[in-house]
Amino acid sequence: MSEQPDQVLEELRRRTAGLNLPRHVAIIMDGNGRWAQERGLPRTEGHFEGRKATKRVVRACGALGIEALSLYAFSSENWRRSAHEVEVILDLIELALREEIHELDEANIRFRASGRLGELPESLALLLKRAEADLSENTGMVLNLCVNYGGRAEIVDAARAVAERAREGELDPRELDEEAFAEYLYQPDLPDLDLLVRPGGEMRISNFLLWQVAYAEIIILPVFWPDFREEHLGEVLFEYNQRQRRFGRA
Ligand code: IPE
Ligand code: IPE
Ligand code: MG
């Protein structure tokens with residue numbers, strides 16, 4: 001008999017009680033294709049199954065009181081995949097958000113979209129903007145969905161905005177420091193990234209949150225994203241608590 005969702009959350013709460021929770025968690029939701037291939041299914045089936053993992057994790061992080069959750073849904077390099085796979089992924093993001101927005105609202109979750117949204121299909125770009133607006137009055141976790149996102153692109157976009165301000169005479173380049181520069185990134189008001197999780201086993205960053213990852217703890221799990229469950233989140237939060245963060249200090 002499978003457990004009820006509420007029981008699963010209760011168990012997760014019990015396991016994480018007393019832990020020092022990261023304020024901002026980011027996840028590279030990887031391994032959908034391999035999950036499907038292992039079962040002799042088309043890669044796209046892995047994306048459909050991965051959607052369920054995304055739902056579980058958003059719900060669990062929101063319930064635990066994580067302040068911000070950044071999810072890598074589609075990278076600026078993922079356009080290199082077949083036109084069919086790209087279409088399936090982008091359609092799935094749009095459908096999932098349309099279907100889940102009410103539940104996100106009920107859970108008091110705020111929504112942000114990060115990436116070059118102007119290069120996305122118009123219906124998706126509009127929906128992402130609308131979700132940001134519709135959920136902006138909520139006060140719970142910020143769900144930062146990264147779509148057509150690239151870490152280098154984010155830094156270049158910030159640099160362009162900085163240069164523009166300097167050209168207009170509103171910013172003195174000599175006064176630009178790390179804190180001032182970070183104000184030009186996509187989500188300047190989110191807390192610093194504490195924890196980056198990558199399921200799927202690959203030991204690389206794949207152009208995700210390059211600026212923000214500076215002092216984040218990194219945890220790589222062998223499980224493919226569609227297999228990621230609340231218990232894995234519990235393990236990751238436990239492991240995070242074992243880490244000693246030094247930020248360069250002795
Ligand atoms: C992550 O899973 C989903 C996206 C990149 C959109 P993959 O599709 O990269 O799955 P693998 O890494 O090929 O198994
Ligand atoms: C990163 O995974 C992008 C997302 C999960 C959205 P990739 O599967 O694209 O990364 P690489 O190509 O293995 O580095
Ligand atoms: Mg991958």
Side-chain angles (χ1 to χ4, degrees), residues 24-58 61 68-100 111-117 119-121 123-125 127-128 131 143-157 185-187 190 193 195-213 216 218-229 232-233 236:
H24 184 178
V25 177
I27 306 180
I28 300 175
M29 305 186 289
D30 195 29
N32 295 350
R34 281 165 287 165
W35 180 91
Q37 277 160 346
E38 258 188 358
R39 287 161 178 76
L41 299 168
R43 294 177 54 83
T44 46
E45 285 302 316
H47 300 310
F48 295 124
E49 199 62 26
R51 172 187 171 181
K52 298 179 193 166
T54 307
K55 182 170 175 155
R56 287 193 288 270
V57 167
V58 170
C61 287
L69 177 65
S70 292
L71 296 178
Y72 208 4
F74 187 82
S75 79
S76 47
E77 287 73 37
N78 287 146
W79 297 104
R80 295 173 185 158
R81 298 185 179 199
S82 74
H84 173 66
E85 186 172 345
V86 168
E87 191 182 333
V88 167
I89 295 170
L90 295 180
D91 282 353
L92 182 62
I93 294 170
E94 189 168 335
L95 179 75
L97 186 56
R98 259 185 226 294
E99 289 184 352
E100 310 288 349
F111 184 81
R112 302 285 176 79
S114 294
R116 290 191 175 160
L117 307 188
E119 296 168 5
L120 291 168
S123 59
L124 175 56
L127 177 67
L128 291 167
L143 172 60
N144 175 32
L145 194 67
C146 300
V147 190
N148 191 26
Y149 174 88
R152 287 183 173 179
E154 177 177 22
I155 294 169
V156 168
D157 287 350
L185 295 170
Y186 293 149
Q187 307 298 339
L190 296 191
L193 185 62
L195 173 61
L196 174 68
V197 181
R198 182 164 194 159
E202 306 292 3
M203 300 199 187
R204 54 176 173 258
I205 303 290
S206 301
N207 201 17
F208 195 36
L209 301 176
L210 294 182
W211 175 280
Q212 296 85 345
V213 82
I218 300 178
I219 298 181
I220 293 167
L221 289 100
V223 295
F224 296 137
W225 181 243
D227 288 326
F228 196 98
R229 314 198 71 83
H232 299 107
L233 182 64
V236 155

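All residue numbers in this chain count up from 1 along the given sequence. Every heavy atom of this structure was used, including side-chain atoms; hydrogens, water molecules and symmetry mates were not. Remember, it's 1-based here, ligands and their atoms both numbered in the order they're listed. Fair warning: this is a prediction, and the values are worked out from it, not measured in the lab.
Residue Arg152 qualifies as open at atom CZ: its count of foreign heavy atoms under 6.0 Å is 12 or below. Within a 6.0 Å sphere centred on CD of Glu202, heavy atoms belonging to other residues, nucleotides or ligands number more than 12.
When only interatomic distances are considered, the shortest N/O to N/O separation between Glu202 and ligand 2 does not fall below 3.5 Å. Checked against a 3.5 angstrom limit, the closest N/O atoms of Ser75 and ligand 2 fall outside it. Remark: ligand 2 and Asn78 share an N or O pair separated by less than 3.5 Å (distance only, no angle test).
Within the 4.5 Å cutoff, the side chain of Phe111 has heavy atoms near those of the Leu143 side chain. Between Lys52 and Lys55 the shortest side-chain heavy-atom distance does not fall below 4.5 Å. In this structure, Gln187 and His24 have side chains that are not in contact, with every pair of non-hydrogen atoms separated by 4.5 Å or more.
Ion pair Glu99/Arg51 flagged as a salt bridge, since at least one NZ, NE, NH1 or NH2 atom sits closer than 4.0 Å to an Asp/Glu carboxylate oxygen.
Set against the non-hydrogen atoms of Ile89, the atoms of ligand 1 under 4.0 Å away are 6 (C). Below 4.0 Å from some heavy atom of Ile28 lie the following atoms of ligand 2, by number and element: 1 (C), 5 (C). Taking every non-hydrogen atom of Arg34 and a distance limit under 4.0 Å, the qualifying atoms of ligand 1 come out as 11 (P), 12 (O), 14 (O). Contact atoms of ligand 2 toward Phe74: 6 (C) (distance under 4.0 Å to a heavy atom of the residue).
For the pair Arg34 (side chain) and Phe224 (backbone), a donor-acceptor distance under 3.5 Å is absent.
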Worksheet item: Does the pair Arg43 and Arg81 meet the rule for a side chain to side chain contact (heavy atoms under 4.5 Å, CB included), with working shown?
Response: CA-CA 11 Å; Arg43 294 177 54 83; Arg81 298 185 179 199; 3.1 Å; yes

Practice prompt. Under the side chain to side chain contact (heavy atoms under 4.5 Å, CB included) rule, what do Thr44 and His84 come out as? Steps first, then yes or no, please.
Written response: CA-CA 9 Å; Thr44 46; His84 173 66; 4.0 Å; yes

Item to complete: Applying side chain to side chain contact (heavy atoms under 4.5 Å, CB included), run through Ile89 and Asn78 and close with a yes or a no.
Response: CA-CA 10 Å; Ile89 295 170; Asn78 287 146; 5.6 Å; no

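Among protein heavy atoms, atom 7 (P) of ligand 2 sits closest to Arg81 NH2, 3.8 Å. Among all protein heavy atoms, the one lying closest to atom 10 (O) of ligand 1 is Gly33 N, 2.9 Å. With hydrogens left out, the protein atom closest to atom 14 (O) of ligand 2 is Ser206 OG, 2.6 Å, a heavy atom. Nearest protein neighbour of atom 6 (C) of ligand 2, counting heavy atoms only, is Tyr72 O, 3.3 Å. The closest protein non-hydrogen atom to atom 5 (C) of ligand 2 is Met29 O, 3.5 Å.
Contacts with ligand 1 closer than 4.0 Å are made by heavy atoms of both the backbone and the side chain of Asp30. Only side-chain heavy atoms of Arg43 come within less than 4.0 Å of ligand 1; its backbone N, CA, C and O stay farther off. When non-hydrogen atoms are compared, ligand 2 lies under 4.0 Å from the backbone of Ala73 (N, CA, C, O) but not from its side chain.
For the residue pair Ser114 / Glu154, no side-chain donor-acceptor distance below 3.5 Å is found, with atom types taken as modelled. With 3.5 Å as the limit, one finds a donor-acceptor pair spanning the side chains of Ser206 and Arg198.
The two atoms that bring Trp225 and Ile27 nearest to each other are CZ3-CG2, 3.7 Å, heavy atoms only.
Within the 4.0 Å cut-off (strictly below), no protein heavy atom is located near atom 12 (O) of ligand 2.
Using a 4.0 angstrom heavy-atom cutoff, Gly31 counts as in contact with ligand 1.
Paired with Leu145 under the rule side-chain contact (heavy atoms from CB on, under 4.5 Å), one option of Leu71, Leu69, Thr54 passes, and it is Leu71.
For atom 2 (O) of ligand 2, the nearest non-hydrogen atom from the set Glu77, Arg198, Arg204, Arg80 comes from Arg198.
Around the Mg ion (ligand 3), protein N, O or S atoms at less than 2.8 Å number 1.
Every residue two or more places apart in sequence or in another chain that forms a side chain to side chain contact (heavy atoms under 4.5 Å, CB included) with Ile205 is listed here: Leu196, Phe208, Leu210, Val213, Ile218.
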